Amino acid sequence: MANTFSIEEENVSRVEGHGDLVLDVKNKKIEKLQFRIPESPRFFEAMLVGRKWDTPSHITSRICGICSVAHTYASIKATEAAMGINNINDQILKLRKLIFHHECVQSNVLHVYFLAAPDFFGVGSAISLVDSHPEVVNIALRVKKMANDMVRIIGGRAVHPIRTVVGGFTKLPTIQEMHQMKEMLQAAYPDLENSLEVLKTLDIPDFERETEYISISDPVDYALYDGNIKSTDGWEIDDQDYLDKINEKVVKHSTGKHSWASRDAYLVGALARFNNNYDQLSDNAKQYAEELGLKPLNYNPFMNNIAQFVEIVHSVDDSIKLIDELLEEGLDEDKAIVDVKPKAGRGVGVVEAPRGLLIHDYTYDDEGKVEKANLIIPTNQNYANIEKDLEEMVPQIIDKSEDEIKLACEMLIRAYDPCISCSTHFLNVKLVNK
Amino acid sequence: MQYKILKKNKYQDFVKGLIEDYNFIGPTKKDKSVHDFVPLNSIEELDTNYLKTTIPPAKKILFPPNEKLIEYEIGDEIKVKPVIESSETVLFGINAWDINGMNFLDKFFSKDFVDENYWDKRDKLTVIGMDTEPTENNFALSMDTEYATDGFDLYLHDLGDRYFVRVNTPKGNELVEKYVDFDDASENDFKDFDKYMDDYRAQFSNKVNIKSFYDNFEMIYNDEEFWKKIAKNCFSCGSCNLVCPTCFCFNVKDDLKLDLKTGEKTREWDSCMIPEYGLVAGGHNFRPNKENRLKQRYRCKLKTYFDKFGQYACVGCGRCIEACLAKINIAEDINSVKKEVNV
Amino acid sequence: MSKPKVGVFGFTGCGGCQLEILNLEDQLLDLVSAVDIVHFREAITEYSDDYDIALVEGSVTTKHGVERIEKIGDIAKIIVAVGACACTGGLNCLKNLYGLEKAKDLVYGDKKDWIDTIETKPIDKYVKVDYMARGCPPNRFEIVDVIRSLILGRKPEIPNYPVCVECKRNGNTCVYELGMTCLGPITRAGCDSRCPNSVSGCEGCRGIIDNPNVNAQKDVLEEYGLTVEDIMENFNLYNACKKIEQK
Amino acid sequence: MTIEAKEKEKDSIYKPFIATIKGIKELSSTEKQFDIQIDDKETREAFNFKPGQFVELTVFGLGEAPFSIPSSPNNKDYFELCIRNVGNVSGALHKMKEGDKVGIRGPFGKGHFPYEEMKDNNVVIVAGGLGMAPVRSLIKYVLENRDDYKRVIIIYGSINPDYLLYKDELEEWQKRDDVEVRLTVDEPCEGWQGEVGVCTNLIPGIDCPVDESYVVVCGPPVMYKFVIKELEKKCFKPEKVFLSLERRMECGVGKCNHCHIGDKMTCVDGPVFSLWEIRNLKEAI
Ligand SMILES: Cc1cc2nc3c(=O)[nH]c(=O)nc-3n(C[C@H](O)[C@H](O)[C@H](O)COP(=O)(O)OP(=O)(O)OC[C@H]3O[C@@H](n4cnc5c(N)ncnc54)[C@H](O)[C@@H]3O)c2cc1C
Ligand code: SF4
Ligand code: SF4
Ligand code: SF4
């Protein structure tokens, strides 16, 4: 039993670290708790200044390989809003929603099966999982391949899509590819069912902390691509007015900025979407949620993984629906893209990245070059909330062994899915008793 | 050769029959500037009224850009299996110069050694030709390739209200008898056909003096200034070779899978305009600069194979002219030789 | 053949390259059994400093990064730069165009002194790089090819011809004909001409070939009514760290 | 039709047959000799090659490369290869051991040394470096049928004595009184008995009547130009001078076209050409 200890990443400056935790406990009381991101700052907001309107989506896609589609669209939507483009047709919208679903699936699969599952099964990594639970790995690889292929077909490649541009698509999938996608989606159901059985057996830590959940929301769709910004604290605003509620500050211990809205911290991501938009989930997804004991409003951050899985189910269902509609209407290459005339103005693009609310805000000059850019990324928004959760959780488990405390902290942070880099390696922390 | 007439009102049924029964490859609109030959499932997708295709259909089918040659398995023994894949296919709507390009490849792939990967597909290919409008860069007329005398099974010439059909093979004859009734060609039909060919030939405005180039090639061969001038803007990107219906260079790759047990050898189109083309171990490059490479390309196209087969390895389709971003123009260059030599 | 020990390392980048390795799907399990992955932050917890081959993603943009890459240089027998950021500096180099101070000002305002950042450089400015799997993101099959080649002890075949070659093999319509610009004629192939396949001009993410005909590229642009500035905007996306010699 | 008959493989000119490395011998710091035996007995017996021809050798997983056959065509059991370690295939071969398997296609090359035609003539061999490999097959053949030929003169040059290939055979030949061997190196070491300088220097000293002499030349690309100049000065008959050329080859069967020299293909029309042919072949040397 440890009353006084500190957990600190070993040699922060030498081992590569994207995120680490500093936890200092004296006599069962937290002296210092900081979750920090010593990730190299990348200056995207600066890189964008002066660029022509058709490049920001390509540049911002490179903020994160796992959420490249989300960044692409936050960017495209911001630009389209600034240029006053309001004639994006149904075909484009549906294809955008389709590709969005599958980035979400790509990322959720990675997170549920490769990053969180090893913890629950008590093995060190997905590679060890290959030996201990080959069936789980195979399911994960198959579902991931399906999602990757979907993004490849619609976007031209699995990471940093090519065809997705301001105004629409440079090229549409063929009818044959649409059918192929549908078949792939249908083939995923058995894997989802098997996963359900596996997930039911998991022992999910029982920890709750009431907080604010923010996501976008739409009356019809389970919103990923478009919607108003909505909070479990009862407010809802137009996405262009995000500044009315969302605040950001630079904190010294981290290169990621911290955010707050109605209270001192809030949470974004799958669980936030689930809590705000439960009604719009497909029936099938609701069924899965019920079997896994997930109901809105849920305040257990560990359930984020379950919400992610439920989202995979919804995405598969909704994709089949979208493909059927597109096939019925027929694909029209002439309507693949709408004309864009650059002009001055400001526009905001808000979407749901797999790990939560993502906001791009651009101001353009008359030539259609970026004058100013502001980006609010999901991982940053969660930092403050992660710290608050840890502050509450650590005292509850303070009587456990240091290893157990460490693991619990890691699992909690991983549950947030901050970004794959931080969510795995963060684990190499060193414990020094004081 | 037999000559038949296909009435326009029977054309649809004829084509539908073919689509039904065969792996049917025909031209379809790809985007605003080009068509492409792809497997078609319905007559609606077929559009024989095309101006250009980037990649020549016959070459794409018979000698694909990437082709597996052998598969192997490494175990206690090494097992090697040749991969020769093909199926009965109808190639519909290919024009005369592309047929002549294929005729060239036929000769090439059977000279010295018979390339089964090519021939197996060729044997199973039924070729149905049709004339198409030449682009402004097309100089097929000067190269004697605007009319095909061989290499097809059927050739359909559009006389307006009917097709004049040349039946070149027993296979072609089978098709003529299979779906709809073809009529025998009458004297009148022949007359109309002759007139049609005259009009068709009149559409070819780009003319080259190939004879003069052939005769003078050795004389300008050492004229470095000449070659430097025409190769100046060359990107060494190989586009000219890759779109050409008669180019056949390839590289062979050996790919062992990550399981380190099974593997395959594949060939992929290469180009003699790429610097690495003539590089050998030890770092010696036999054709280090672009003017050397261009010169060799012209030799190969316009001399070597005329000497070997009596046919130029250029059918005058003009694709390379359109594909070249540096605006290197084989037709102009053929003609400029005469000027150079005359000076 | 003993299994080579492989470490995968990330520097400043988006993680997309490492993701492309995970995206190997059908081949991932073969990869895991063909080599010993001893270090891979994005996928495994365990790590070790004993490796033969280092696959390095990302560019060096911090002082701490310099220390790390130099350490990898000391340990690894073979270093493979993976992705545009590691090979050419990639998109991160745009920061250099603005100047460090201005960039810090813009993003972090008066808090800018808290930030550790230096001029962006590709990793070969600090260590000897044996092979490069270029691109943003790199072609995952090329990554496999490099790894497989290293296992077999052969030199990976990384083309030195331009993207046009692959573009033509794929039978694409040249995007210039469709009114767009393309860096294909001077960019190193190996991506299977992904962007032109999707009817978009190549942005040069794989870097420039050894002997680009830059003058001809300018002539082409003029022909199509474009200026060098038009293409420089594109060119700088991935190649701001490299200056084209004007031959 | 029986299943076997149906599945009977189509002939592919790209399919190698499997062979085993029976012996390995180090020839110099960069070259090794490999004794290659074709596994299938029937194929082995049908494998008849002529001096100057080459095979395409596959190391599975690494690729294929052309190599001349330096051994005597009279040896039916196995043939030898002499391989310099320069890259992927050759490097992998150098790491292989006895009993390892490789793939072989060939023999290829219509153009070989005209050993029949040469009978009753003097034979002059000019080799540089690795160029000894292709001509050795001819030397072996000529010495095995020594009575059919007149004088045999071997001029062989290399960078330094270590790089001379087949040293023991050279010594043996030097001892014979029916072979005239002249060795030369660029960088002599202590105790070097032969000449110093490039092998071109030794051509003026050739003293056999040109009408009754065949000359065979093989060496690195840079060597040819100078050798030919010297041979022409001595008025050797171009139709009686033969050169073995090297080009990049991907197929060996006249399809990939990489080995084109002017109107000829090195693989099927060569690799051995007469000076007569080459004089009209631009780019050959
Ligand atoms: C007819 C003929 C006979 C030969 N005989 C011999 C011999 O007896 N002994 C011997 O050691 N060598 C011989 N060579 C040379 C030998 O083929 C090359 O050294 C060999 O191809 C190198 O292959 P590699 O895979 O080891 O090298 P690689 O790694 O493939 O190549 C290294 C360099 O060679 C170039 N290259 C690639 N493929 C070829 C190719 N097929 N031919 C030439 N260069 C290529 C590459 O561009 C690269 O620059 C002969 C060549 C020919 C054409
Ligand atoms: S060389 Fe040019 S014009 Fe001649 S056939 Fe080839 S692509 Fe057509
Ligand atoms: S689209 Fe680009 S890569 Fe393709 S041929 Fe044209 S210039 Fe070359
Ligand atoms: S086409 Fe160009 S920008 Fe696109 S992936 Fe290839 S090299 Fe990169």
Side-chain angles (χ1 to χ4, degrees), chain B residues 30-38 52-57 59-60 64-66 231-244 247 250-251 253-263 268-271 273-277 279 288-290 319-320 322-328, chain C residues 1 3 24 26-35 141 143-145 147-149 151-152 154 157 159-179 181-182 184-187 189 192 199 209-224:
Chain B
K30 189 175 162 201
D31 52 49
K32 65 182 177 198
S33 67
V34 300
H35 278 60
D36 194 10
F37 277 77
V38 293
K52 52 182 179 176
T53 65
T54 307
I55 304 287
K59 170 161 142 179
K60 181 167 112 169
N66 282 291
K232 177 176 147 272
N233 264 356
C234 177
F235 283 105
S236 304
C237 73
S239 293
C240 50
N241 297 124
L242 296 157
V243 300
C244 177
C247 273
F250 60 83
N251 278 326
K253 288 203 157 143
D254 190 322
D255 281 316
L256 182 61
K257 302 261 157 56
L258 258 183
D259 63 10
L260 305 181
K261 283 194 200 79
T262 54
E268 67 180 13
W269 292 350
D270 194 14
S271 153
M273 302 299 283
I274 298 172
E276 281 71 18
Y277 185 85
L279 191 66
N289 51 44
K290 48 187 195 259
R319 282 190 178 88
C320 57
E322 281 145 14
C324 181
L325 286 167
K327 301 276 171 227
I328 295 174
Chain C
M1 249 180 295
K3 279 197 199 179
L24 277 169
D26 309 340
Q27 294 187 60
L28 193 59
L29 295 180
D30 281 336
L31 174 69
V32 177
S33 62
V35 298
F141 300 118
I143 302 177
V144 172
D145 185 50
I147 295 174
R148 185 182 46 193
S149 298
I151 298 172
L152 293 172
R154 77 175 178 198
E157 282 181 37
N160 187 26
Y161 48 73
V163 173
C164 295
V165 173
E166 289 173 341
C167 186
K168 285 292 174 335
R169 277 187 203 137
N170 286 324
N172 295 328
T173 312
C174 179
V175 302
Y176 278 104
E177 277 187 56
L178 302 171
T181 53
C182 184
I186 54 172
T187 300
D192 196 30
V199 200
I209 48 171
D210 287 346
N211 293 303
N213 194 337
V214 178
N215 286 329
Q217 179 79 36
K218 285 182 196 150
D219 288 353
V220 168
L221 293 171
E222 243 163 62
E223 182 80 33
Y224 287 90

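Numbers restart at 1 for each chain; the letters A, B, ... are given by sequence-line order, proteins then strands. From a predicted model like this one, the values you see are computed outputs, not experimental measurements. All values below come from the heavy atoms of this structure, side chains included, with hydrogens, waters and symmetry mates left out.
- For the pair Ser33(B) and Leu178(C), the tightest heavy-atom approach, listed with the atom from each and the gap, is OG-CD2, 4.3 Å.
- For Glu276(B) against Asn160(C), the heavy-atom pair with the smallest separation is OE2-ND2, 3.0 Å.
- Heavy atoms of Ser236(B) lying under 4.5 Å from chain C belong exclusively to its backbone.
- Contact annotation for Lys52(B): only side-chain heavy atoms (C-beta onward) come within less than 4.5 Å of a heavy atom of chain C.
- Comparing Ala323(B), Gly238(B), Ser239(B), Pro275(B) by heavy-atom pairs within less than 4.5 Å of chain C, the highest count is held by Ser239(B).
- In this structure, the portion of Asp31(B) lying under 4.5 Å from any heavy atom of chain C is its side chain and not its backbone.
- The parts of Lys232(B) that come within reach of chain C are both its backbone and its side chain, each placing non-hydrogen atoms under 4.5 angstrom from that chain.
- To the nearest 0.5 Å, the span separating CD1 on Ile55(B) from CG on Asn172(C) amounts to 8.5 Å.
- Contacts of Leu325(B) with chain C are made by both backbone and side-chain atoms, with heavy-atom separations under 4.5 Å.
- Between the CG atom in Asp255(B) and the CZ atom in Arg148(C) there is a gap of 4.5 Å [rounded to 0.5 Å].
- Of all heavy-atom pairs between Pro162(C) and Phe235(B), the closest is CG-O, 4.4 Å.
- The main-chain N or O of Asn66(B) is never found under 3.5 Å from a side-chain atom of Arg169(C) such that the two would form a donor-acceptor pair.
- Heavy-atom neighbours of Lys261(B) NZ from other residues, nucleotides or ligands within 6.0 Å: at or below the threshold of 12.
- Proximity of a side-chain donor or acceptor of Asn213(C) to a complementary backbone N or O of Cys234(B) within less than 3.5 Å is detected.
- Checked against Leu258(B) for a side chain to side chain contact (heavy atoms under 4.5 Å, CB included), the options Asp30(C), Asp145(C), Asp26(C) give a single hit: Asp30(C).
- Taken from NZ in Lys168(C) to SG in Cys240(B), the straight-line distance is 9.5 Å, to the nearest 0.5 Å.
- Counting heavy-atom pairs closer than 4.5 Å to chain B, the top residue among Cys164(C), Ser33(C), Cys167(C) is Cys164(C).
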